[in-house]
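In what follows, chains carry the letters A, B, and so on, assigned in the order in which the sequence lines appear, proteins first and then strands, with residues in each chain numbered from 1.
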4 protein chains.
Amino acid sequence: MKVGILGATGYTGQELIRLLRQHPDVELAYLGSSSVAGSDYETIYPHLYEQSTGTLIADTDLPDLDVLFCALPHGITAGRIREFLGVGAKVIDLGADFRLVSAEVYQQWYNLEHPEPDFIKEAVYGLPELYRKEIQGKSIVANPGCYPTATLLSLVPFLRKGMLRPDSIIIDAKSGVSGAGRGASMGTHYSEVNENIKAYGVAQHRHTPEIEQEISRAAGHPVVVNFTPHLIPMTRGILATIYAEVCDGVEEADLRTCWQDKYINEQFVHVLPKGIWPQTKFAYGSNQAFLQLTVDKRTGRAIMVAALDNLVKGASGQAIQNMNVLFNLPEGRGLMSTGIWP
Amino acid sequence: MKVGILGATGYTGQELIRLLRQHPDVELAYLGSSSVAGSDYETIYPHLYEQSTGTLIADTDLPDLDVLFCALPHGITAGRIREFLGVGAKVIDLGADFRLVSAEVYQQWYNLEHPEPDFIKEAVYGLPELYRKEIQGKSIVANPGCYPTATLLSLVPFLRKGMLRPDSIIIDAKSGVSGAGRGASMGTHYSEVNENIKAYGVAQHRHTPEIEQEISRAAGHPVVVNFTPHLIPMTRGILATIYAEVCDGVEEADLRTCWQDKYINEQFVHVLPKGIWPQTKFAYGSNQAFLQLTVDKRTGRAIMVAALDNLVKGASGQAIQNMNVLFNLPEGRGLMSTGIWP
Amino acid sequence: MKVGILGATGYTGQELIRLLRQHPDVELAYLGSSSVAGSDYETIYPHLYEQSTGTLIADTDLPDLDVLFCALPHGITAGRIREFLGVGAKVIDLGADFRLVSAEVYQQWYNLEHPEPDFIKEAVYGLPELYRKEIQGKSIVANPGCYPTATLLSLVPFLRKGMLRPDSIIIDAKSGVSGAGRGASMGTHYSEVNENIKAYGVAQHRHTPEIEQEISRAAGHPVVVNFTPHLIPMTRGILATIYAEVCDGVEEADLRTCWQDKYINEQFVHVLPKGIWPQTKFAYGSNQAFLQLTVDKRTGRAIMVAALDNLVKGASGQAIQNMNVLFNLPEGRGLMSTGIWP
Amino acid sequence: MKVGILGATGYTGQELIRLLRQHPDVELAYLGSSSVAGSDYETIYPHLYEQSTGTLIADTDLPDLDVLFCALPHGITAGRIREFLGVGAKVIDLGADFRLVSAEVYQQWYNLEHPEPDFIKEAVYGLPELYRKEIQGKSIVANPGCYPTATLLSLVPFLRKGMLRPDSIIIDAKSGVSGAGRGASMGTHYSEVNENIKAYGVAQHRHTPEIEQEISRAAGHPVVVNFTPHLIPMTRGILATIYAEVCDGVEEADLRTCWQDKYINEQFVHVLPKGIWPQTKFAYGSNQAFLQLTVDKRTGRAIMVAALDNLVKGASGQAIQNMNVLFNLPEGRGLMSTGIWP
């Protein structure tokens with residue numbers, strides 16, 4: 001398969017390259033960059049010195065491709081979607097342009113009129129564990145956000161079965177700094193982030209409508225949630241701690257069984273044994289996700305925790321998983337490494 | 001004032017010493033240790049070399065004292081409370097023995113029959129911003145836990161005025177590793193904690209009944225809450241993110257005004273300007289606490305965030321603040337340094 | 001190949017497992033443990049949940065094996081070497097028992113009489129880039145220490161050619177905490193290590209005689225060096241900064257050419273382009289090593305820097321590389337992943 | 001004393017403010033900024049909210065002052081030195097403009113013609129432990145760099161007495177990220193610095209001539225050294241590991257005695273007991289410096305280690321110490337807090 005990457009020098013682009021090197025069916029045919037075209041890739045990332053990654057090419061000179069991964073700022077992929085599909089490629093968009101089915105909601109949260117609303121219906125929300133069948137045959141895959149991946153893997157099975165009260169959902173999430181991308185700013189300055197935690201985007205984060213869309217779909221009616229992300233002094237990893245009231249008669253064991261039934265054949269989602277709580281480092285560098293829950297009988301709430309690597313299952317690894325689904329390859333191909341510990 | 005410390009070699013004991021050195025009215029008259037009596041203090045903490053901190057003395061040989069700070073494992077302070085009061089000292093207990101007014105609840109959460117239940121009524125819950133007047137004149141001050149301090153500073157003003165629904169409260173808290181104390185274990189091993197987050201004590205943490213006791217008192221009726229602590233890869237700091245439904249008619253501005261009215265004359269509690277969210281590093285090494293909130297109108301919930309240094313306002317600093325209150329000293333004496341940044 | 005690991009639950013044992021899973025020719029036939037025999041491996045390392053790693057077996061019950069990796073405290077592998085060779089296995093020792101050719105030097109630095117000095121001559125110092133041919137056909141491979149690997153890759157090519165003055169060598173090395181192993185102690189306590197650096201084992205570290213032995217061999221006469229390790233607040237990685245006077249007439253370009261000639265066909269050792277200095281994170285989780293140097297004409301000294309992952313090229317990855325050499329497999333098999341960035 | 005700060009919003013400016021607040025003789029009369037004049041200081045540093053720090057004033061509007069601290073990029077302080085002295089102030093320059101006595105050397109290393117070479121002779125190199133008497137009465141104090149402070153405290157006593165061979169000196173130093181200042185760049189991006197070490201400025205760092213100037217002065221003849229700084233994943237702290245050959249007949253005990261004699265009455269420099277090696281965290285947030293050494297008899301070299309906080313003894317704390325010396329105040333005034341541990 002001839003594979004291309006647009007936005008190849010960002011963190012998710014670079015992580016795609018790391019993972020795709022281990023994929024036996026892939027030829028890295030095109031690394032696109034708008035800013036450093038002409039450079040050898042290893043001049044940008046010296047840890048890849050002598051790894052023959054290739055030369056960065058202007059992002060306007062797309063060759064024919066089987067798959068194009070877009071790791072671009074929002075608005076750009078949608079604006080050029082006709083061009084991208086025109087090279088014969090399936091498009092896997094790591095950005096937000098095709099995640100929201102409503103162009104209106106997109107405009108509201110991203111302050112941008114959707115450039116190509118007619119193409120939204122060509123896209124599928126690419127969370128394979130939830131929409132595997134819908135992904136096959138689509139031309140555009142909207143790769144989910146990192147926070148939504150952790151959240152939806154936890155909640156959707158329960159909401160589909162009506163086991164939790166949708167209007168009671170609170171998601172308190174914690175992310176490493178790499179989620180902010182490679183741009184240097186006070187918000188990513190080591191001395192300002194180290195030995196420090198803060199909440200950010202409180203009640204305003206753009207992953208909120210994405211979570212709500214998918215939760216509403218699972219619940220069968222519109223749902224709003226509270227979602228609060230926090231910046232944590234670590235590079236990789238997302239932990240989502242999720243609270244929701246259980247419906248009458250639902251016990252902890254019922255929830256556990258529901259998860260287990262859902263994920264028993266999934267190679268990337270692990271419902272841990274009771275009492276073992278997920279740690280983000282379990283997933284470091286791997287496409288694994290880990291789940292645990294308890295029900296606090298005193299309050300009637302379930303407490304769910306999901307952990308994954310924001311750059312792998314939360315971005316580039318999941319994108320490759322989607323590629324495997326699209327092309328009927330074994331879903332784990334190229335993705336079977338375990339987390340790096342310690 | 002002749003001041004003694006029992007458990008002087010733990011992190012909170014050592015932090016008491018750091019802070020008390022800056023207090024002009026204090027003579028460090030007694031440093032008690034059960035394990036390393038006879039050692040010079042700087043052999044335990046070499047960063048205090050040539051600081052003349054003193055020699056550790058057997059924890060059984062208490063001299064006459066004006067104040068005794070107890071930084072001991074739970075059960076011990078209560079078991080020896082008659083002895084401690086017998087040296088003429090006010091006792092400020094950094095442990096949990098006198099925080100809970102119900103010996104039964106104590107037994108339930110700490111798996112220990114309270115050794116001296118009759119003395120509980122001699123104690124006051126030492127959160128000065130909430131119970132300043134009650135503290136004066138008491139012989140035992142139960143210094144609050146780190147998580148409860150952050151939580152109660154946020155919630156109590158609202159609950160006293162009936163502005164939030166008590167049964168909707170969820171506290172998602174994040175702590176640095178120093179909160180686990182100086183003991184070496186897999187849970188404090190650098191390689192296991194670094195680049196990692198986890199929840200722990202989910203639905204079981206011992207600060208839960210302490211939070212509930214004080215919230216119930218403020219609400220005027222029994223309340224249960226969800227409280228989930230997380231371990232974060234940093235040494236110091238607690239951030240509590242708190243969710244609760246606002247009562248009908250309550251707006252964000254009402255909550256902000258309530259906080260501001262409550263804390264306007266407090267030198268250690270700061271309601272930040274709208275839009276500035278607390279960071280734990282704001283308080284690094286200082287007795288300051290920082291608050292912020294918003295109301296998400298879509299869900300009807302208030303989201304409150306409190307940040308402080310778990311070893312200062314969450315432990316030793318607050319203990320000294322309590323000492324100042326007990327002895328009618330200016331409450332900020334010895335505690336006026338600002339956080340270390342960066 | 002049937003592969004066994006003794007000391008499977010330590011960090012290097014666990015890292016062997018992570019890497020060997022990616023090796024197509026390996027069957028993990030035996031995971032030995034002295035302390036937790038009978039446990040499923042994933043109960044020790046929950047991040048491997050559902051990865052079918054296997055059950056830990058008493059370290060006395062060795063099956064027939066092709067290779068046995070020993071990740072044991074010093075003294076144990078040597079003491080049992082007859083037994084280990086008796087199961088038909090090539091022994092790759094990640095410990096120190098067979099690194100020193102002199103039993104006397106071993107006793108001096110390890111405070112232990114070597115249990116089986118007659119077997120030392122059966123062993124080879126397993127640094128493939130330096131001793132590839134000597135490794136083939138040996139029954140015992142002494143896998144080098146992490147610090148010596150970084151040091152010797154830098155120095156040996158120059159010393160073999162007489163380009164540096166051997167008596168001027170100073171090695172200032174910096175290591176992540178995982179090098180101290182999985183044991184919990186004050187020296188690995190997060191709160192004591194984070195935001196902190198210290199030198200340790202100054203002029204006394206046990207890797208000193210190992211470095212000196214190999215440097216002496218390269219120089220052709222006995223050499224002593226200064227070697228100072230430091231503990232750095234990170235989990236993985238070793239950086240060695242090495243100083244030595246250049247011999248008369250030797251220029252920076254000569255040294256660079258010497259390294260390049262030596263390593264041009266090596267897939268794991270990379271002489272970076274002039275001006276790009278190694279960072280430990282370049283090698284995170286991979287078997288790569290990175291080198292750079294300059295000559296300060298003002299002082300007449302070369303400054304060399306080597307970076308690698310202490311648990312991979314500095315331990316388990318190199319051990320697998322040695323296995324590949326022993327069995328005439330392509331040397332990079334199972335080891336071709338690049339470092340994880342960021 | 002009316003005190004002003006130019007460059008008040010950088011890390012060293014902010015650290016001056018933190019420390020000066022604790023100084024009883026100081027009125028913070030002027031906070032100058034070239035970029036954010038007119039802003040309240042706490043809008044830049046929210047952790048100082050409600051601390052009444054003051055308003056930032058254009059850096060051109062200097063009032064009359066007793067002391068002016070200049071925390072400015074090199075070249076600016078020298079260029080405006082007539083103006084600064086004109087407001088009646090003693091100038092304490094935290095930058096490099098007056099550290100080098102040779103305008104030629106300055107030009108060579110800073111690529112800038114010195115703007116006011118005639119004023120260099122009005123300045124003193126402000127390392128109080130070495131030049132206390134020379135500081136008194138001067139109008140300009142050149143506050144030393146962070147690396148030189150750690151290095152010179154270690155070496156100068158020995159060189160003055162001819163105990164070490166000057167031409168054998170190698171300084172391998174490690175610094176936290178705050179030393180790079182508040183500017184956001186790839187070099188300070190959390191994800192690029194965390195879990196990582198690198199050398200930088202190898203054989204080219206601008207602190208080299210400063211170290212050499214002072215070492216030469218102590219040795220009585222021109223000396224060149226190797227100085228290699230490293231960036232460490234922590235915010236604060238400098239550790240210098242220094243190697244030098246001992247002169248004939250000099251024993252470890254002689255060196256120790258020399259240090260002890262020199263520093264016995266110094267309140268900020270501590271020669272630790274034999275076997276206790278300095279850690280940077282010993283000095284966190286304080287003006288303390290810690291020293292230790294050994295002599296490796298096998299190689300004939302002394303290994304010295306110095307640790308301090310780069311922003312305090314390495315910058316702002318030492319600047320205040322210089323102010324105290326200039327104004328005949330007790331030298332420790334405002335600087336007596338101990339390091340924050342853990």
Novice: Enter the distance from T338(D):OG1 to Y45(B):OH here, rounded to the nearest 0.5 Å.
Specialist: 12.0 Å
Novice: Side chains of P342(D) and R236(B), heavy atoms from C-beta outward: is any pair under 4.5 Å?
Specialist: yes
Novice: Report, by ascending residue number, the residues of residues 265-276 of chain B in heavy-atom contact with chain D at a distance under 4.5 Å; give 'none' if the set is empty.
Specialist: V269(B), H270(B), V271(B), L272(B), P273(B), I276(B)
Novice: Which bit of Y49(B) is near chain D, if near means a heavy-atom gap under 4.5 Å: side chain, backbone, both or neither?
Specialist: both
Novice: Check each atom of E42(D) against the heavy atoms of chain B and say whether the ones under 4.5 Å are side chain, backbone, both or neither.
Specialist: neither
Novice: What's the spacing between I340(D) CD1 and D309(B) CG if we round to 0.5 Å?
Specialist: 7.5 Å
Novice: Side chain, backbone, both or neither: which part of F290(D) has a heavy atom under 4.5 Å from chain B?
Specialist: side chain
Novice: Is any side-chain heavy atom of L48(B) closer than 4.5 Å to one of F282(D)?
Specialist: no
Novice: Taking the side chain as every heavy atom from C-beta outward, state whether K281(D) and H47(B) have any atom pair closer than 4.5 Å.
Specialist: no
Novice: Considering only heavy atoms, which portion of L311(B) lies under 4.5 Å from any heavy atom of chain D: side chain, backbone, both, or neither?
Specialist: side chain
Novice: Quick one: does R21(D)'s side chain have a donor or acceptor within less than 3.5 Å of a partner on S337(B)'s backbone?
Specialist: no
Novice: Look only at the side chain of R18(B) and the backbone of W341(D), and say whether a donor-acceptor pair between them is shorter than 3.5 Å.
Specialist: no
Novice: Measure distances from Q288(D) to the heavy atoms of chain B and classify the residue's part below 4.5 Å as side chain, backbone, both or neither.
Specialist: side chain
